[in-house]
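Working notes, structure below.
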Amino acid sequence: MFVSLRRFLSRLDIPDDGTNRKARLLNWITIAICLITVIYSGLFVVLMRSFNVLLFGMCAIFLTVGINVAVRKGHIRIAALVFVLGIWLILTTQNFRPGALGVFDGAFTAYLIPILLAGFLIGSNAGFIFALVSALVGLGILIKGMSTPVTFIEAQFSSQVLHFTDETLF
């Protein structure tokens, strides 16, 4: 079984010629996302007897396969931009759901992942642009968090401002 899995994964690999490190990284990230999504969705359906997660799993697999196809066709910059924007949108939209508690609820630190990926995969000033936009959205998250009722003591206004400032400077 492991020999056939190793053979299957070696067929999915992009040959290393020293110039396509970004393509190989995106290729392996999308393969890992597909495998993790299949395992997670399968376990969720088997253990919880709920089929709601299958729609989200199929969307994730569809998008990552599309990114992988774009990488294999040589559109590495576009695939990297779509990948980083997708991660950034996932992190951003979960902060604006009803009942979110501002910068505490959404782990504002998670914006570091798309910022670093943008700097490495897209290059030039993409990391700075993603950091600036993330800080502006973080300000919106802070303002939205101040308008929600406080459910625990640490989510007071002064601690939210300090947390936002700390994470933005980081």
Side-chain angles (χ1 to χ4, degrees), residues 1-46 53-97 100 103-142 163-170:
M1 180 176 145
F2 290 113
V3 174
S4 60
L5 180 63
R6 190 178 312 138
R7 189 177 307 135
F8 175 70
L9 289 176
S10 67
R11 291 182 71 200
L12 294 176
D13 195 11
I14 296 174
D16 186 15
D17 62 0
T19 61
N20 57 354
R21 290 184 180 156
K22 292 178 186 179
R24 292 190 78 211
L25 179 64
L26 276 171
N27 179 46
W28 282 109
I29 287 173
T30 55
I31 290 170
I33 288 172
C34 285
L35 288 175
I36 290 169
T37 302
V38 166
I39 292 169
Y40 173 76
S41 299
L43 286 175
F44 197 84
V45 168
V46 168
V53 77
L54 286 179
L55 177 65
F56 298 112
M58 295 308 281
C59 289
I61 289 173
F62 180 73
L63 288 174
T64 53
V65 166
I67 291 170
N68 199 328
V69 168
V71 167
R72 290 180 178 276
K73 289 189 177 192
H75 305 293
I76 298 167
R77 197 165 172 89
I78 293 171
L81 182 64
V82 169
F83 180 69
V84 174
L85 273 174
I87 291 174
W88 188 85
L89 285 173
I90 289 169
L91 291 173
T92 301
T93 54
Q94 64 103 10
N95 285 316
F96 287 103
R97 71 183 190 284
V103 293
F104 284 99
D105 192 37
F108 191 58
T109 312
Y111 277 122
L112 189 60
I113 295 168
I115 291 169
L116 291 174
L117 284 173
F120 179 72
L121 293 174
I122 301 169
S124 70
N125 292 329
F128 176 73
I129 292 169
F130 270 89
L132 184 64
V133 171
S134 297
L136 292 174
V137 169
L139 186 61
I141 294 169
L142 176 69
H163 186 71
F164 167 73
T165 305
D166 178 42
E167 296 295 328
T168 303
L169 290 175
F170 177 64

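In plain terms, the two heavy atoms of I76 and A23 that are nearest each other are CD1-CB, 3.6 Å. Contact record, S41 with G57: OG-CA, 3.9 Å, taken as the closest heavy-atom pair. A pairwise comparison of heavy atoms in Y111 and V137 identifies OH-CG1, 3.6 Å as the closest pair. Nearest heavy atoms, A118 versus A126: O-CB, 3.7 Å.
Heavy atoms from other residues, nucleotides or ligands lying under 6.0 Å from CG of L85 number more than 12.
Distance check: L136 CG to L132 CG gives 5.0 Å after rounding to the nearest 0.5 Å. Rounding to the nearest 0.5 Å places OG1 of T37 at 12.5 Å from CZ of F56. Once rounded to the nearest 0.5 Å, the distance linking OG1 of T30 with CG of N27 reads 5.0 Å. The CD1 atom of I122 lies 9.0 Å from the CD1 atom of I129; values are rounded to the nearest 0.5 Å.
For the pair V71 and K22, the minimum side-chain heavy-atom distance is 4.5 Å or more. Between L54 and F44, every side-chain heavy-atom pair lies at or beyond the 4.5 Å cut-off. Looking at N68 and L26, their side chains never come closer than 4.5 Å, going by heavy atoms from C-beta outward.
By the 30° and 60° cut-offs, the orientation of the rings of W88 relative to F130 is perpendicular.
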For residues 60-67, run the donor-acceptor check on the side chains, cut-off 3.5 Å, and write out each pair with its distance to 0.1 Å, sequence neighbours left out.
unit_1, atom_1, unit_2, atom_2, d
T64, OG1, A60, O, 2.9
T64, OG1, I61, O, 3.1

Practice item. Go through I87 and L117 one step at a time and tell me if the side-chain contact (heavy atoms from CB on, under 4.5 Å) criterion holds. Key: CA-CA 10 Å; I87 291 174; L117 284 173; 3.8 Å; yes
